[in-house]
Amino acid sequence: MTVKQISVFLENKPNQLAEFVKVLNENRIDMRAMSVADTKDFGILRVIVDDTYKTACVLKDAGYICSITPVLAVEIPDEPGGLTRLLTLLGDNGVNLEYTYAFITRRRDTACMIFRVEDNEKAIEVLTKNGIRPICQDALTEL
């Protein structure tokens, strides 16, 4: 019940993100979500794509340094407080959140969030026990 996130190291200088996206485009890779965290010298680009294996191969061939990390993807109600219940459930059950980011879907009235937690299995157990089902990799195509 996790999705695969690709983390890529990019130099923090002009045109690096454009070049990265160009590589995806030239290889017909569909990016579903993206997050960038930067420092003075480099950035960590995190992406969710339609084909993780193909993307990792393409990126390595293009000279990028990348890694694959299992993360949680969860649909939540797109309304004020929609995220509160989920975060409270995780926190009250001792699941530490390392980072999160959102992405849009084609569905109305829902938002989709990516969560990197210390313990995916514990987080999945807490969420499913409370009626929240994480999205699996294959289900991303439906969003």
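Everything numeric in this text was worked out from a predicted model, so none of it was measured.
- Residues meeting the side chain to side chain donor-acceptor pair (under 3.5 Å) test with Asn96, sequence neighbours left out: Glu118.
- Screening residues 55-67 for salt bridge (charged side-chain N to carboxylate O under 4.0 Å, His left out) gives no qualifying pairs among residues at least two apart or on separate chains.
- Val23 places a side-chain heavy atom less than 4.5 Å from the side chain of Leu59.
- Contacts classified as ring-ring contact (aromatic ring centres under 6.0 Å, His included) and involving residues 82-101 (residues at least two apart or in different chains) are not found.
- Expressed to the nearest 0.5 Å, how far OG1 of Thr88 lies from CG of Asn93 amounts to 10.5 Å.
- Panel note: side chain Asp51, backbone Lys54; a donor-acceptor pair is recorded below 3.5 Å.
- Atom CG in Leu72 sits 10.0 Å away from atom CD1 in Ile135 (nearest 0.5 Å).
- Side chain of Ser35 to backbone of Arg46: no donor-acceptor contact under 3.5 angstrom is found.
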Between Val47 and Leu45, is a side-chain contact (heavy atoms from CB on, under 4.5 Å) present by the stated rule, with each step listed? CA-CA 7 Å; Val47 293; Leu45 172 66; 4.0 Å; yes

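- If you run side-chain contact (heavy atoms from CB on, under 4.5 Å) between Ile48 and each of Gln5, Met31, Met34, only Gln5 comes through.
- The distance between the ring centers of Tyr64 and Phe9 does not fall below 6.0 angstrom.
- Distance check: Arg85 CZ to Leu127 CG gives 9.0 Å after rounding to the nearest 0.5 Å.
- Among residues at least two apart or in separate chains, salt bridge (charged side-chain N to carboxylate O under 4.0 Å, His left out) pairs with a member in residues 6-25 are Glu11-Lys13.
- Take Asp30 and apply the side chain to side chain donor-acceptor pair (under 3.5 Å) test, not counting sequence neighbours, and it matches Arg32.
- Taking 4.5 Å as the limit, every side-chain heavy atom of Asp92 sits out of range of all side-chain heavy atoms of Val126.
- Every pair passing salt bridge (charged side-chain N to carboxylate O under 4.0 Å, His left out) that includes a residue from residues 93-102 is listed here, sequence neighbours excluded: Glu98-Arg116.
- Test Val71, Val74, Asn120 against Phe115 for side-chain contact (heavy atoms from CB on, under 4.5 Å) and you get one pass: Val74.
- The side-chain heavy atoms of Thr128 and Pro134, taken from C-beta on, include a pair separated by under 4.5 Å.
- Side-chain contact between Leu89 and Ile132: present, with at least one pair of heavy atoms (C-beta onward) separated by less than 4.5 Å.
- When every heavy atom of Cys66 is checked against every heavy atom of Ala56, the shortest pair comes out as SG-O, 4.3 Å.
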Could you give me the CA-CA distance, side-chain angles and deciding distance for Ile76 and Thr110, then say whether side-chain contact (heavy atoms from CB on, under 4.5 Å) is met? CA-CA 6 Å; Ile76 60 172; Thr110 62; over 6 Å; no

Full working for side-chain contact (heavy atoms from CB on, under 4.5 Å) between Ile124 and Thr2: CA-CA 9 Å; Ile124 291 168; Thr2 60; 4.1 Å; yes

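- Listed for the Asp119 side chain is a donor-acceptor partner under 3.5 Å among the backbone atoms of Glu121.
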